[in-house]
Each structure stands twice: as C-alpha cells, then as structure tokens.
Amino acid sequence: MKVLFVKDYAEMSEKGYELIKEIIETKEEPVISMTTGGTPRGIFKLLVEDIHNGLDISHTTIMNLDEYIGPRDAAYTVRTFMYQNLYDLINVQPHNIFLIDGATEDIENEINRYKEILQLYARDIQILGLGTNGHIGANEPGTPFDSTMFLAEHTEATIQSTMKEYNIERNDTPTQMLTLGFTEILEAKKVVLLVSGKHKAKAVRDFLEGDITPACPASVLRNCENTIVIIDEEAASLLDKAKYL
Ligand code: F6R
C-alpha cells in the first residue's frame, strides 16, 4: 500500500481524478468503479468539467460498489447521486452504466446479477471513501476480511453520517446497503482510498497505526500492493507522519 499525503480536499480530488483520467485515456475498454458521498464530489466535478472540454468516455464502463436499500429515486441512493453528479450533467454517456438495485425484492438474485457483471468487467480502478468508524463500502467494523458481496446493516455512526450528508431525518435514513465485500473490492486492479477532513482523523490513525483487524475494516488494505491511499492534512492530523515518509 502506498500512502500519499496532500494538502486539502481540492488536492485530494485532483490526485484521485488524475488516476481515473489516465485509465480513461489509455485503456481501450476502461472500467471505473466509484463510491459516493462527500469524498468523491470533487472528483465528479473534475470529470464533468473535462467531459465538457472534450474528454471522451463513450468507451468507458462506470459502476458503483454499493447501494442503499430503499426506493430507487430516494435522495440518498447511489443511483440518485450518480445521476445528479454525473450522468444528468453530460451529453455523451459512458458505454455501460452499472448500478446495484437497492429496491429489489430479491436480494440474492441481485447479488448474483451484480457478481456476474463484476466477472465480466474487470475493474481497472475501485475508488473508496473511509467511514468515520473505518468502514469501506458498507463493510462495517466486525465484517470478516473474506466477505463477498452481501446485504450489510449500518452501524449507528454510519446512519448518523448518512443523515448529515443527505440532510435527512433519522426515520428517512436507510439502515442497510448492498455492498461489495472485501474480496471483490480487492480484486480491482487498483484500489484508491481517499480521505479528507478532521472528522476522519481518528479513523485514519486506527487504519494506519492500529492493528490489522476486522475491527478497523480499512486496515485490510495495508497489506495490499495495488492500493493507494490519498490523505489530506486534516485527516492526517493525528498521525505520526514520519512513519510514512
Ligand atoms: C458510499 C460508501 C461509503 C463512503 C464512506 C465515506 O458509497 O461506500 O463507504 O465512502 O461512508 O463517506 P463520505 O465520503 O460521505 O465521508
């Protein structure tokens, strides 16, 4: 795992976006798997800007690593986020758009459908954000490191973060998510974890300086050669940085 320290959210977004752009520009059939939430908003802005300036994504497959259980058009769904932050803002669409269906009545069937897509479309890059409790995707603390795509229950910390991010009441906030497991996350050719902000500083310290344990889900990435972590100054503020220089 490689750790890259950057100044702030803007630089984190630029560095993260550069990795995605390089894949779009150099691969014949690029496959990009995104995350949603506050972390990647800056990346989506840069991507949309570049598409407006002529970047061609018509050969690209874009997918996501998770989806909340709830109505498809709810304010918080990954689907809504992806349309609001990308697909509705561009004229030429990607070659494929794959989304998990969180409104399905047949969870098992949906998991199998998406697993088949993952087999057919090997991901060049998987973008991740870090939960304040160390989660990645919806692999919450305690999830075994050999997890495969599953229906996850959110912890209270994650429910609170979702309420804040989407400005919604507790009763309207989803409590479950279909998510890739650690196994599928780590199968991507490159895994990029982006972290910004003071509210992530403790999670970053646990992740980088604590034990490698399911109690801190992101710690699974520490032994992975294909992983890059991009951390801004506020998120790194509790670290003994010298260790990584
Ligand atoms: C969302 C997801 C989550 C978020 C994490 C950080 O699709 O997979 O793991 O990446 O909760 O959320 P933000 O970026 O809102 O701080």
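In each ligand, atom 1 is the first atom listed, and ligand 1 is the first ligand listed.
Atom CD of Glu105 is surrounded by 12 or fewer heavy atoms from other residues, nucleotides or ligands within 6.0 Å. More than 12 heavy atoms of other residues, nucleotides or ligands sit less than 6.0 Å from atom NE2 of His52. The environment of CD in Glu29 is sparse: at most 12 heavy-atom neighbours from other residues, nucleotides or ligands sit within 6.0 Å.
Summary of contacts: the protein heavy atom closest to atom 16 (O) of ligand 1 is Lys200 NZ, 2.7 Å. In this structure, atom 6 (C) of ligand 1 lies nearest to the protein heavy atom Leu130 O, 3.5 Å. Protein heavy atom closest to atom 5 (C) of ligand 1, with residue, atom name and distance, is His135 NE2, 3.4 Å. The protein heavy atom nearest to atom 15 (O) of ligand 1 is Gly38 N, 2.9 Å. Among protein heavy atoms, the minimum distance from atom 14 (O) of ligand 1 is reached at Thr39 OG1, 2.4 Å.
Asp50 has a carboxylate O that lies under 4.0 Å from a charged side-chain N of Lys21, or vice versa, which qualifies the two as a salt bridge. Between Arg72 and Glu67 there is no salt bridge, since none of the side-chain N atoms of the basic residue sits less than 4.0 Å from a carboxylate O of the acidic one. A salt bridge is defined here as a Lys NZ or Arg NE, NH1 or NH2 lying under 4.0 Å from an Asp or Glu carboxylate O, and Arg41 with Glu165 meets this definition.
The ligand atoms of ligand 1 that sit less than 4.0 angstrom from a heavy atom of Leu65 are 8 (O). Each of the following atoms of ligand 1 lies closer than 4.0 Å to a heavy atom of Thr35: 1 (C), 2 (C), 7 (O), 8 (O), 10 (O).
When the heavy atoms of Thr179, Thr162, Asp66 are ranked by distance to atom 8 (O) of ligand 1, first place goes to Asp66. When the heavy atoms of Gly129, Gly37, Gly137 are ranked by distance to atom 9 (O) of ligand 1, first place goes to Gly137.
The N/O atoms of His199, backbone and side chain alike, include none that comes under 3.5 Å of an N/O atom in ligand 1.
In this structure, the side chain of Thr104 does not engage the main chain of Glu110 through any donor-acceptor pair within 3.5 Å.
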